[in-house]
Q: 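Sharing a structure with you now.
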Amino acid sequence: MSRYKILGFIGDGIGAEIVPEAVKVLDAAADAYGFDVEHLGPYECGAHYWVSHQMKRGWPEEVTKDIFYEADAIYKGPTGLPDLVGKLPGPYLPLNMRLDLDLYANVRPCRLRPGVQSVLRGREPGGIDFIVLRENTEHMYAAIGGIMRRGGVSELAIDDYVQTRKGCERIIRLGFEMARSGAYKGRPGAPRDGKRRLTCSCKWGLCKGDDLFKEIYDGMVAEYPDVEKDSTWIDSWSYYALIKPDFYDVVVMPNQYGDIMSDMSGAIQGSLGLAGSINAGDNYCFAEATHGSAPDIAGKGVSNPTSMILSVGMMLNWLGEKKGDQRLRDAWRGIDKAVDSVLAAGKVRTPDLGGSSSTKQFGSAVAKAVKAA
Ligand code: NAD
């Protein structure tokens, strides 16, 4: 039996509620699909841990830099708390993993699942099924910039917006490949017409970096005759995504746009608590829900763990592709279907979806459905 080292972090706020449920489902999938997991953690980390350890320790001692490179895959609960803004530890741990591990693709599916209502009127399950594919290492979050302080006062702040040919090429190529294969979707193509389509969305004509992004997209179109070309300015896309979400298949966009639009996609699919995601590169992957630490509901045991469960499922699929292990790919499909079956049955439902079940009850129901399948 193959044994995979999976490194985990709990994070802040609802991380302590949703991460154990994702682990429960991961273990159920390992049993059901016949692979073995060696758990490294899940370890505490995040703003709360950092501050409560006098800003000297961001995570337990056994979390060394090497552990990241030894793990087959990683998952992390949300990190950050509004009262502790700017209080997250560096230099190499969770916050910076996207850059350090070169996780250039943030894959954020938006699918309307059975038994769930979108905030958009008249949409049926399966009628929305697109992926926001966010470049994850450049743009406004390239972490280049600084603050000038004069007389103890913050006077001037600069963030450099960076796009490189390499950064644009690899994410756009991945977008074409994902549209072609239907990866991480219910079925390939857009729900409206079944067409495989890669939409490029950014602010070309105004930002030089986005001119480069669009130019590289246009230059690659001819290599993918089976994928329909489509481009929309990012401000227009925030409108079109609401009035014709069924038109979209895979939508590729620079970092900050993708960050914002994927939260909107959370509402489109019925709740941010359903929004799973992975940060993936060629060699490493870490799973992380689209949302934050949800301090408004943390500690009540009512958060929706689906986001974290689906993220861990996607992580298994990524690992299955990397290792050529079909059991891991099947495990992802199994987890995805188990989530659908629990949502469709409607008996166990967290408050964000109009129910009164707890985080634990939902996680247990999904784990049971994974085993039953
Ligand atoms: P948030 O995403 O935490 O919450 C927004 C809304 O969505 C809240 O009403 C919350 O209750 C709801 N929500 C989120 N996840 C849910 C779930 N699983 N089930 C049910 N409802 C859910 O956004 P915020 O409040 O702006 O941010 C809180 C903190 O999280 C901030 O410090 C922010 O920096 C941090 N953050 C971290 C990440 C990350 O670690 N990847 C991402 C975004 C925000």
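Atoms within a ligand are numbered from 1 in the order they appear, just like the ligands themselves. All values below come from the heavy atoms of this structure, side chains included, with hydrogens, waters and symmetry mates left out.
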Q: On the 0 to 90° scale, with breaks at 30° and 60°, tag the Phe176-Tyr217 ring pair as parallel, tilted or perpendicular.
A: parallel
Q: Return a yes/no value: protein heavy atom under 4.0 Å from atom 27 (O) of ligand 1?
A: no
Q: Give the residue, atom name and distance (to 0.1 Å) of the protein heavy atom nearest atom 29 (C) of ligand 1.
A: Ser293 OG, 3.2 Å
Q: Give a yes or no on whether the ring-centroid distance for Trp332 and Tyr184 is below 6.0 angstrom.
A: yes
Q: Given Ile297, Asp83, Thr79, which has its nearest heavy atom closest to atom 22 (C) of ligand 1?
A: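 Considering heavy atoms of Ile297, Asp83, Thr79, the nearest to atom 22 (C) of ligand 1 sits in Ile297.
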Q: Hey, are Asp230 and Thr199 close enough side-chain-wise for a donor-acceptor pair under 3.5 Å?
A: yes
Q: Quick test: of every protein heavy atom, which one is nearest to atom 18 (N) of ligand 1, and how far off is it to 0.1 Å?
A: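 Looking at atom 18 (N) of ligand 1, the protein heavy atom closest to it is Asn304 O, 2.9 Å.
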Q: For Gly80, take its heavy atoms, then give the atoms of ligand 1 lying under 4.0 Å from any of them.
A: 29 (C), 30 (O), 32 (O)
Q: Could you check whether the rings of Phe9 and Phe68 sit parallel, tilted or perpendicular, using 30° and 60° as the cut-offs?
A: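 The arrangement is parallel - the two ring planes meet at less than 30°.
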Q: Out of Ser271, Ala275, Pro295, Gly292, who gets a non-hydrogen atom closest to atom 25 (O) of ligand 1?
A: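 Considering heavy atoms of Ser271, Ala275, Pro295, Gly292, the nearest to atom 25 (O) of ligand 1 sits in Pro295.
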Q: Taking NZ, NE, NH1 and NH2 as the nitrogens, is one of them in Arg111 or Asp336 under 4.0 Å from a carboxylate oxygen of the other?
A: yes
Q: Give the numbers and elements of all ligand 1 atoms closer than 4.0 Å to a heavy atom of Pro82.
A: 32 (O)
Q: List ligand 1 atoms under 4.0 Å from Lys76, heavy atoms only on the residue side.
A: 40 (O)
Q: Under 6.0 Å from the NZ atom of Lys244, do we count more than 12 heavy atoms belonging to anything else shown?
A: yes
Q: Please say whether Ser303 places an N or O atom under 3.5 Å from an N or O atom belonging to ligand 1.
A: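 N/O-N/O distance below 3.5 Å does not exist for this pair.
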Q: If you count the non-hydrogen atoms of other residues, nucleotides and ligands that lie under 6.0 Å from NZ in Lys371, is the total more than 12?
A: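 No, because the 6.0 Å sphere around NZ of Lys371 holds 12 heavy atoms or fewer from other groups.
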Q: For the 3.5 Å polar cut-off, considering only N or O atoms, please tell me whether Thr290 and ligand 1 meet it.
A: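 In this structure, Thr290 places no N or O atom under 3.5 Å from an N or O of ligand 1.
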Q: Where is the nearest protein heavy atom to atom 42 (C) of ligand 1: which residue, which atom, and how far?
A: His291 O, 3.5 Å
Q: Do me a favour and list the nearest non-hydrogen protein atom to atom 13 (N) of ligand 1 with residue, atom name and distance?
A: Ala294 CB, 4.0 Å
Q: I need the atoms of ligand 1 closer than 4.0 Å to a non-hydrogen atom of Leu81, numbered in the order shown.
A: 32 (O)
Q: Just checking, Arg197 and Phe247: is the charged tip under 6.0 Å from the six-membered ring centre and within 45° of the axis?
A: yes
Q: Without swapping roles, check the side chain of Arg98 against the backbone of Asn279 for a donor-acceptor pair under 3.5 Å.
A: no
Q: Is the shortest distance from atom 40 (O) of ligand 1 to a protein heavy atom below 4.0 Å?
A: yes
Q: If the condition is side chain to side chain contact (heavy atoms under 4.5 Å, CB included), which residues does Met140 pass it with, not counting sequence neighbours?
A: Asp159, Tyr161, Gln256
Q: Starting from atom 11 (O) of ligand 1, find the nearest protein heavy-atom neighbour and note its residue, name and distance.
A: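 Residue, atom and distance for the closest contact: Asp296 OD1, 2.8 Å.
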Q: Quick check on contacts: which atoms of ligand 1 are under 4.0 angstrom from a heavy atom of Pro78?
A: 40 (O)
Q: Below 4.0 Å from any atom of ligand 1, is there a heavy atom belonging to Leu272?
A: yes
Q: Answer yes or no: is there a donor N or O on one side and an acceptor on the other, between the side chain of Ser201 and the main chain of Thr232, under 3.5 Å?
A: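 Indeed, once roles are kept as given, a pair shorter than 3.5 Å links the two residues.
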Q: Does the protein place a non-hydrogen atom closer than 4.0 angstrom to atom 33 (C) of ligand 1?
A: no
Q: What atoms in ligand 1 come closer than 4.0 Å to a heavy atom of Gly273?
A: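 Taking each heavy atom of Gly273 in turn, ligand 1 has 17 (C), 18 (N), 19 (N) under 4.0 Å.
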Q: Check each heavy atom of Glu288 against ligand 1 and say whether those closer than 4.0 Å belong to the side chain, the backbone, both or neither.
A: side chain
Q: List for me each residue that meets side chain to side chain contact (heavy atoms under 4.5 Å, CB included) alongside Arg150, sequence neighbours excluded, and say none if there are none.
A: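 For Arg150 the side chain to side chain contact (heavy atoms under 4.5 Å, CB included) partners, ignoring immediate neighbours, are Met148, Glu155.
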